[in-house]
Amino acid sequence: MYLEQLFAEENDFVRHLERFVDVLDAAAALDGQFSDAAAKERIVCGRLSPAFQAWKSAMESGLRRYVVQ
């Protein structure tokens with residue numbers, strides 16, 4: 001992965017990148033659930049959104065020093 005190469009010396013940041021698999025796993029739970037609105041809501045609200053929010057917060061924290069405002 002390009003970002004892993006770019007940030008190879010930033011071990012914590014690379015670990016945050018790798019944690020995106022948690023978001024993908026949560027999204028995979030939606031497979032076969034598209035006709036069941038209640039199941040979709042449970043998965044999105046209970047798993048997917050929290051997994052993404054946790055990953056996003058970690059990434060923002062890791063990128064903060066690279067972002068010029």
Side-chain angles (χ1 to χ4, degrees):
M1 177 190 310
Y2 177 75
L3 289 176
E4 286 178 339
Q5 293 171 352
L6 184 64
F7 293 100
E9 295 180 17
E10 303 289 334
N11 293 333
D12 289 339
F13 185 72
V14 170
R15 272 196 302 278
H16 293 316
L17 283 172
E18 292 169 344
R19 294 304 308 238
F20 191 73
V21 74
D22 296 340
V23 177
L24 296 175
D25 288 342
L30 287 169
D31 190 31
Q33 301 296 328
F34 287 103
S35 62
D36 185 345
K40 285 190 298 188
E41 183 176 359
R42 279 192 308 276
I43 293 167
V44 170
C45 292
R47 291 185 61 193
L48 183 56
S49 182
F52 177 77
Q53 291 300 324
W55 176 81
K56 177 181 173 274
S57 293
M59 289 300 295
E60 286 175 340
S61 174
L63 287 172
R64 192 163 291 134
R65 67 178 141 163
Y66 299 104
V67 176
V68 177
Q69 294 183 349

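Keep in mind the model is a prediction, meaning the values are calculated, not measured.
Placement of Val14 and Leu24 within a single hydrophobic cluster is found when ILVMFWY residues are connected by side-chain heavy-atom separations under 4.5 Å, directly or transitively. Both Leu63 and Phe52 are members of a single hydrophobic cluster when ILVMFWY side chains are connected at heavy-atom separations under 4.5 Å.
Pairs engaging residues 9-41 under the ring-ring contact (aromatic ring centres under 6.0 Å, His included) rule: Phe7-Phe13, Phe20-Trp55 [sequence neighbours left out]. Applying the salt bridge (charged side-chain N to carboxylate O under 4.0 Å, His left out) rule to pairs touching residues 30-49 yields nothing, sequence neighbours excluded.
Checked by atom type and distance alone, the side chain of Ser49 never pairs as donor or acceptor with a backbone atom of Cys45 at under 3.5 Å.
Heavy-atom minimum distance, Leu48 versus Val23: CD1-O, 3.6 Å. Here the shortest heavy-atom pairing between Ala26 and Ile43 reads O-CG2, 3.7 Å.
Side-chain atoms of Met59 and Leu17, non-hydrogen and from C-beta on, do get closer than 4.5 Å to each other.
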Show your working on salt bridge (Lys or Arg N to Asp or Glu O under 4.0 Å) between Glu60 and Arg64 and close with a plain yes or no. CA-CA 6 Å; Glu60 286 175 340; Arg64 192 163 291 134; 5.3 Å; no
